[in-house]
Amino acid sequence: MDMKLTGKTVLITGGSRGIGYACAMAFAAEGCTVHIASRSRESLESAREKIRARHNVPVEIHAADFSKGDTVRNVVEAVGHADILVNNAGITRDGLLMRMSDADWDSVLNTNLKGAFSFTKAFTRAFLKQRSGRIINISSVIGLMGNAGQANYAASKAGLIGFTKSIARELGSRGITVNAIAPGFIETDMTAELGEEAKAALLKQIPLGCLGNTDDIAAAALYLASPGARYVTGQVLTVDGGMVM
Ligand code: NAP
């Protein structure tokens with residue numbers, strides 16, 4: 001389907017692997033100029049090669065650690081103009097609260113929530129001037145329902161939802177939409193460590209009876225970026241096989 005995104009420029013944080021990479025491939029297929037950013041230059045280069053092999057669009061890479069100070073500003077300056085921002089980079093550092101270190105709390109909050117804040121703030125001035133812009137924050141069903149052993153991750157993802165709704169209210173009058181996607185359990189590096197038993201227990205909670213794949217999330221991101229979603233803002237689109245309803 002033509003999503004009418006040809007010629008748009010998108011920045012996808014954490015675009016080297018998993019959900020971010022699937023989003024990058026999907027936006028490239030729609031004829032967008034694609035910027036992907038994450039820590040590992042090697043993964044970024046490999047992702048760029050794979051995207052270029054399939055789609056004839058410009059693909060730029062930016063290696064930086066978003067949990068650290070000025071790196072976000074440097075990436076935003078290097079990107080220059082963008083129409084769509086996908087705040088996708090995220091990590092987990094799981095553990096029960098009693099054993100959770102300050103470092104594990106800080107690294108998850110800094111990457112998942114502060115990273116999104118910093119990128120969004122850095123692009124807002126340009127989006128306001130353009131009187132357009134699409135911001136898509138990748139949250140999680142864990143931010144909606146909580147999960148034992150993931151207090152830091154759940155707080156970051158619930159925080160992202162509150163952030164999404166607040167910014168949607170601030171920027172709506174200027175033609176900028178801000179939405180979140182809450183993926184359920186999607187097969188990526190992040191969920192690869194789940195044991196067979198844990199996977200079987202999870203499947204019992206999913207009405208559609210299977211884990212999701214990265215293209216399921218990319219399809220939702222394309223929709224929220226497309227002109228068809230021009231009247232949708234401040235929403236959380238749950239893509240989870242019906243797990244949370
Ligand atoms: P993934 O395969 O582990 O990929 C994470 C991406 O983020 C990688 O590109 C990684 O690259 C980048 N990244 C991590 N920390 C970074 C940092 N400090 N600075 C810059 N880049 C960083 O994860 P995924 O499963 O695709 O998840 C993507 C997003 O979806 C995350 O926000 C995650 O919380 C959310 N999500 C995933 C699931 C799921 O089931 N997979 C479910 C709900 C929500 P480098 O390591 O090279 O930096």
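Whatever order the structure lists ligands and atoms in, that order sets their numbers, starting from 1. Since the model is a prediction, treat every value here as computed from it, not as a measurement.
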Query raised in the report: Is the backbone N or O of Asp215 less than 3.5 Å from a side-chain atom of Asn213, with the two atoms forming a donor-acceptor pair by type?
Result: yes

**Report entry** Name of the residue among Thr233, Thr120, Asn179, Asn137 meeting side chain to side chain donor-acceptor pair (under 3.5 Å) with Thr164
**Finding:** Asn137

Report task. Please write down residue, atom name and distance for the protein heavy atom closest to atom 1 (P) of ligand 1. Result -> Arg17 NH1, 3.5 Å

Query raised in the report: Can you tell me if Gly184 has a non-hydrogen atom under 4.0 Å from ligand 1?
Result: yes

Query raised in the report: Numbering the atoms of ligand 1 from 1, which are under 4.0 Å from a heavy atom of Asn88?
Result: 28 (C), 29 (C), 30 (O), 31 (C), 32 (O)

Query - Distance from atom 11 (O) of ligand 1 to nearest protein heavy atom, with residue and atom - result: Ser38 CB, 3.3 Å

Query raised in the report: When you measure from atom 36 (N) of ligand 1 to every protein heavy atom, which one gives the shortest distance, and what is it?
Result: Tyr153 OH, 3.5 Å

**Report entry** Proximal ligand 1 atoms for Phe185, defined as those under 4.0 Å from one of its heavy atoms
**Finding:** 40 (O)

Query raised in the report: Which atoms form the tightest heavy-atom contact between Val75 and Ala64, and what is the distance?
Result: CG2-CB, 3.7 Å

Query raised in the report: Is it true that a side-chain atom of Lys114 and a backbone atom of Lys68 form a donor plus acceptor pair closer than 3.5 Å?
Result: no

Query - The single option from Val79, Ile135, Asn87 passing side-chain contact (heavy atoms from CB on, under 4.5 Å) against Phe119 - result: Asn87

Requested in this report: List every atom of ligand 1 that sits less than 4.0 Å from any heavy atom of Ile91, numbering the atoms from 1 in the order shown and giving each element.
Outcome: 14 (C), 15 (N)

Query raised in the report: With a 4.0 Å cut-off on heavy atoms, is Glu187 touching ligand 1?
Result: no

Report summary line: In ligand 1, the atoms that come under 4.0 Å of a heavy atom of Ser40 are 47 (O)

Requested in this report: Check ligand 1 against Thr111 and write out every atom of the ligand that is under 4.0 Å from a heavy-atom position of the residue.
Outcome: 15 (N), 16 (C), 17 (C), 18 (N)

Query raised in the report: Among protein heavy atoms, which lies nearest atom 25 (O) of ligand 1, and at what distance?
Result: Thr188 OG1, 2.5 Å

Requested in this report: Could you check which of Ile138, Val75, Val72, Val108 puts a non-hydrogen atom nearest to atom 35 (C) of ligand 1?
Outcome: Ile138

Requested in this report: Please answer whether the main-chain N or O of Thr71 pairs with a side-chain N or O of Asp65 as donor and acceptor at a distance below 3.5 Å.
Outcome: no

Query raised in the report: What's the shortest distance from atom 7 (O) of ligand 1 to any protein heavy atom, and which residue and atom give it?
Result: Gly14 CA, 3.5 Å

Report task. Would you please determine whether Ser139 falls within less than 4.0 Å of ligand 1 on a heavy-atom basis? Result -> yes

Report task. Classify the contact between Ser43 and ligand 1 as side chain, backbone, both or neither, using a heavy-atom distance cut-off of under 4.0 Å. Result -> neither

Report task. Using atom types as modelled and distance alone, determine if a side-chain donor or acceptor of Asp83 lies under 3.5 Å from a backbone N or O of Thr9. Result -> yes

Requested in this report: Show your working on side chain to side chain donor-acceptor pair (under 3.5 Å) between Ser38 and Ser16 and close with a plain yes or no.
Outcome: CA-CA 6 Å; Ser38 63; Ser16 60; 3.0 Å; yes

Query raised in the report: Is there a donor-acceptor contact under 3.5 Å from the side chain of Asn112 to the main chain of Tyr153?
Result: no

Report summary line: Residue, atom and distance of the protein heavy atom nearest atom 5 (C) of ligand 1 read Gly90 O, 3.8 Å

Report task. Starting from atom 16 (C) of ligand 1, find the nearest protein heavy-atom neighbour and note its residue, name and distance. Result -> Arg39 NE, 3.5 Å

**Report entry** Sub-4.0 Å atoms of ligand 1 with respect to non-hydrogen atoms of Ile186
**Finding:** 39 (C), 40 (O), 41 (N)

Requested in this report: Say whether Ile19, considering both its backbone and side-chain N or O atoms, lies within less than 3.5 Å of an N or O atom on ligand 1.
Outcome: yes

Query raised in the report: Which atoms of ligand 1 sit under 4.0 Å from any heavy atom of Asp65?
Result: 17 (C), 18 (N), 19 (N)

Report task. Have a look at ligand 1 and work out which part of Ala64, if any, has a heavy atom under 4.0 Å from it: side chain, backbone, both or neither. Result -> backbone

Query raised in the report: Quick one: does Asn112 get a heavy atom under 4.0 Å from ligand 1?
Result: no

